[in-house]
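Chain letters run A, B, ... following the sequence lines, proteins first and then strands; every chain starts at 1. What's counted below: heavy atoms across the whole structure, side chains too, no hydrogens, waters or symmetry copies. All values derive from a computational prediction rather than experimental measurement.
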Amino acid sequence: MQPQFSAKLEATSWDPKLEAEMRQTWEFERIFDFKPSNNKNRNFVMDTPPPYPSGKPWHPGALTQYTQIDMTARAARMRGLNVLYPIGIDRNGLPVEIFAERKYRVQMRKTPREEFINLCKHALDDLEAYMIGLLKTLGISGDYYNKYRTDSEEYRKLTQWSFIELWKKGLVYLANRPNNYCVDCNTTIADAEIEYEELPTFLVTNTFKVKDSKAELSVATTRPELLVACQMLVVNPADGRYRKHVGKTAIVPIYNREVPIRAHKSVDPKFGSGVVMVCSYGDYNDVMLFREFKLKEIVAVDLDGKMMAVAGKYAGVPVKDARSQVIQDLQEMGVATKVEQIQHRTPLCERSHTPIEIVPMEEYYLKQLDFKPALRKMAKRIEFHPAMHRQILLDWIDVLTTDYPISRRRYYSTEIPVWFCSKCSTPHLPKPGVYYRPWRDEAPFKKCKKCGNARFVGETRTFDTWMDSSLSPLYVTKYMKNTKFHALTYPATLRMQGKDIVRTWLYYTLLKSYQLTGREPFKHAWVGGLGQDSQGRAMRKSLGNFVDPEPIFVKYGADAFRFWGASEAGLGYDFRFSEERIAGAGKFLTKLWNTCRFISSFPVPETAELTWTDKWMLNELGKLTQECVAAYERFDVFTVATKVREFLWNVFASNYLEMAKGRAYGDGATKGEQEAAWYTLHTVVRSMLLLLAPVTPYLTDYAWRKLYGTQSVHLEAFPKPQRFDISEKVSQSIMEFNAQVWKTKRDKGLALKDPIAARIPANLKHFEKDLVRMHHITK
RNA sequence: GGGCCCGUAGUCUAGUCUGGUUAGGACGUCGCUCUCACACGGCGAAAAUCCCCGGUUCAACUCCGGGCGGGCCCA
């Protein structure tokens, strides 16, 4: 390098260790604080998913999503907006309890409630520290100073307040209904928390005698232990084989009870023998048939998943064992004529992977069916990114058939603020605005308003966790707490989340926001794809394909991980994990770094008399800038990352830089031409750093401060695009001509610095001087 | 069974809405090359019946119909 030019960056590659230093600077300067503008339109309010501490390691796909959320926040700041980017931790619910049970080797039901809650808190604090640490490592620029927790008194107060409001509006009711129940988690669960898996099970074909006849019916079932709860046999009305039996009575084996034989169109004549037993409750079709035929339910399974007394000799036996025993007994009795193993689509609890039982229980319900039309309208009003994912929500709204069961029989969740009169059982709700623990606290009433009794029993149940998290847009905009702040920030600008929780978090947020405020909680919804393993399968701890992201951050740095995440998949599409590709992103950062390093050795002129080559480059840069800023406005970081990489590497570095290099060194150029090269080089580097700042915040800020100033790049605005009248065709010709010369030299075995004779195309006349110098062209 | 999305080189993708280019780029592979920003570089090469079959059209990766395959979700 010529002595008069020396670079402001020394190392030949970006060192990820500098990220920690940069992070400390940000924290010290507090550059990400939110100051609300009195002009509502200047406030960019983000409703981001408070992560759920459920164990280590954290899902790398989720972390990718958090980096994309962060890019959007940073981009909004650079668009001059005041950005509210909350950091929350969702600390309520099942995963925490399961984690605590495992960690401290205790069982929730055998531990005093207060004690178990404290264990959960402990476990949560550990996990939370781990998670916050990772978020910071990744450069997430949220508001850590106002970090919120969904299990805080403040938050739970709001959850309880919302419940009391909904109760007052008549939207909550108690009802005894068959419910999805997990015998491991000991709680009811919502439809949204069920997953299905094909599992091996026995299909048992039993013989039922038809009363007052010699006829026998073969009945196939996967749940023979529920014979005790069988109340009917059904066949398809169109099935000629059984038409003569419809209306007659069959005898249930083992229990010798009489049940009717009926016809219903829901029966598949091709399943088993075409005769199905209906019991309380094998599946949802049973529930429907019990309702339709007004059958009397027989409760055979208790809340611990054991057979009840009504099951006779099987009483006290867990369902699964009872099933084996029953099968054996049926075989010995000659009732079971066939036992075959089949794959059966089994509903499982999403958290514990235990098969769901359907048992009747009294639970609280929040009305939702009445709101389907309003929700559908709202779903259409909210702008989805990408638009295609709106369909997930619309489909879900369409298939809802029951109201939302909101109560859970758990400990570590927000308590349902209700006391019952000990005499007449009338429910009493307290005044909102206080955090209540009815299982522990004295009732805040003197007398029952109905019977005058002075004693109350506190509700022990808690809320489903979505009852808390669905309030996030209200909580972060200080609903019920700061009217002015709320008015300036609600509805939020943007909800960002994964497509896996559209049916839960997104849906319940819309439902409750509508019920409480009558309007949509946010204007835009960004619905991201999911991170999968290298083969495109969901990443699950149970599948053993889970990647621990931490070593990756250490090895490649957060910026490489971020750039990879941004450039890997288009907005809303799933993406696969690949360390190789993260390493590839790291190479791009090296390229960016060295571009900055090289150009940092030249002075920064205020203005310049541009040559055609410079105008061409600045015009290309202008087009890129426009595209990228537009992409950021659509919350699309994929376009930014891929276009910038393409531009920087293949257009700027390969072509312009080589064309202008000699001129920048002053090689056969006038002072003015030299300065024009400097000016253009710096303009491009400046723009590169600004456009990439949201994506790779560490490297860009480090380089920015070294090259251009004292202030963080994150406090700057995006550059204004410059345009010059240079056609796309000329641009292509330049790059084609360069490639042509390179290829010719290659074919002739010449080094790049060797002279070569070449004819410069007519439309590149203006660029002749730079081209000749670059390729050492002799005439 | 239904819905949504997707099927482009070994892998990941752009392009498809608004039909016409030698189908662009990245990772990986191979060859040459340490040329004064970068060998985590440069240059080049190989590598794609654009899932299949029909239709529309002068012309289809692109539009239409029908298959097949994958993913996610619902029943």
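Whole-Å rounding puts the A/L752 CG to B/rC36 C1' distance at 14 Å. B/rC36 atom C1' lies 10 Å from atom CZ of A/F602, rounded to whole Å. Distance A/N594 CG to B/rC38 C1': 3 Å, rounded to the nearest Å. A/R581 has its CZ atom 12 Å from the P atom of B/rA26, to the nearest Å. Summarising the geometry, the separation between CD on A/E579 and C1' on B/rC27 is reported as 13 Å, rounded to the nearest angstrom. The CD-P distance, from A/Q732 to B/rU22, rounds to 12 Å in whole Å. Spacing between atom CG of A/N285 and atom C1' of B/rG1 amounts to 14 Å, rounded to whole angstrom units. Whole-Å rounding puts the A/I599 CD1 to B/rC36 P distance at 17 Å.
For the salt bridge (charged side-chain N to carboxylate O under 4.0 Å, His left out) condition, the pairs that include at least one residue of residues 643-656 of chain A, sequence neighbours left out, are A/E627-A/K643. Applying the salt bridge (charged side-chain N to carboxylate O under 4.0 Å, His left out) test to every pair with at least one member in residues 688-704 of chain A, sequence neighbours left out, gives these pairs: A/D701-A/R705.
Residues A/R645 and A/E568 both approach RNA chain B. Their nearest nucleotides, taken by heavy-atom distance, put A/E568 toward the 5′ side. Mapping A/E580 and A/K643 onto RNA chain B by nearest heavy atom places A/K643 at the nucleotide closer to the 5' end.
With sequence neighbours excluded, the residues forming a side-chain contact (heavy atoms from CB on, under 4.5 Å) with A/E579 are A/I552, A/K555, A/Y556, listed by chain and number. Residues passing the side-chain contact (heavy atoms from CB on, under 4.5 Å) test with A/T221, sequence neighbours excluded: A/N206, A/R223, A/P224, A/M277. In this view, A/V547 and A/P60, A/M539 satisfy the side-chain contact (heavy atoms from CB on, under 4.5 Å) rule, not counting sequence neighbours. A/N236 is linked by a side-chain hydrogen bond (donor to acceptor under 3.5 Å, both in side chains) to nothing, counting only residues two or more places apart in sequence or in another chain. Every residue meeting the ring-ring contact (aromatic ring centres under 6.0 Å, His included) condition with A/W704, not counting sequence neighbours, appears here in chain and number order: A/Y708. With sequence neighbours excluded, no residue satisfies side-chain contact (heavy atoms from CB on, under 4.5 Å) with A/S654.
B/rA48 sits 14 Å from B/rG15 when the C1' atoms are compared, rounded to a whole Å. Nucleotides B/rG28 and B/rG67 place their C1' atoms 34 Å apart, quoted to the nearest Å. Atom C1' of B/rC51 sits at a distance of 6 Å from the matching atom of B/rG7, rounded to the whole Å. Only the P atoms considered, B/rG42 is 14 Å distant from B/rU35, to the nearest whole Å. Atom P of B/rU49 sits at a distance of 26 Å from the matching atom of B/rG65, rounded to the whole Å. B/rA23 and B/rG2: their C1' atoms are spaced 36 Å apart (whole Å). Annotation: B/rG44 and B/rA26 have their P atoms spaced 11 Å apart (nearest Å). One P atom belongs to B/rG54, the other to B/rG31, and the distance between them is 42 Å to the nearest Å.
A/N655 contributes no side-chain N or O that, together with a main-chain N or O of A/F652, makes up a donor-acceptor pair within less than 3.5 Å.
Between A/Y702 and A/W14, the distance separating the two ring centers is shorter than 6.0 angstrom. The distance between the ring centers of A/F588 and A/F563 falls below 6.0 angstrom.
Contacts of residues 646-659 of chain A with RNA chain B (heavy atom under 4.0 Å): A/E646, A/W649, A/N650, A/A653, A/S654, A/L657, A/E658.
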Sort me out a list of protein N/O and nucleotides 29-33 of chain B N/O pairs below 3.5 Å, or just none if empty.
from: B/rC32; atom 1: O2'; to: A/R746; atom 2: NH2; distance (Å): 3.0

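A salt bridge links A/E728 with A/K623: the distance from a Lys NZ or Arg NE/NH1/NH2 to an Asp or Glu carboxylate oxygen falls below 4.0 Å.
Residues A/N180 and A/T188 form no side-chain contact, since every pair of their non-hydrogen atoms from C-beta on lies 4.5 Å or further apart.
Side-chain proximity of A/F638 to the nucleotides B/rU13, B/rG71, B/rC36 is greatest for B/rU13. In this structure, the nucleotide among B/rC40, B/rU35, B/rG41 sitting nearest to the side chain of A/K753 is B/rU35. Ranking B/rG44, B/rU13, B/rC40 by closeness to the A/K587 side chain, first place goes to B/rC40.
Applying the Watson-Crick and G-U wobble criteria (two distances, each under 3.5 Å), B/rA45 pairs with B/rU29. Both distances falling under 3.5 Å, in either a Watson-Crick or a G-U wobble arrangement, place B/rG1 opposite B/rC74. Across all strands shown, B/rC40 forms no Watson-Crick or G-U wobble pair with both key distances under 3.5 Å. B/rG69 is paired with B/rC6 under the Watson-Crick or G-U wobble criterion, all donor-acceptor distances under 3.5 Å.
Taking only side-chain nitrogens and oxygens, A/K661 comes nearer than 4.0 Å to OP1 or OP2 of B/rA37.
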Please table the atom pairs, donor to acceptor, closer than 3.5 Å between any side-chain atom in residues 748-763 of chain A and protein atoms at least two apart or in another chain.
from: A/D754; atom 1: OD2; to: A/A751; atom 2: N; distance (Å): 2.7
from: A/N763; atom 1: ND2; to: A/S733; atom 2: OG; distance (Å): 3.0

Do nucleotides 2-7 of chain B as a string where each nucleotide becomes B, S or -: B if the base has a protein heavy atom under 4.0 Å, S if just the sugar-phosphate does, - if no protein is that close.
-SSSS-

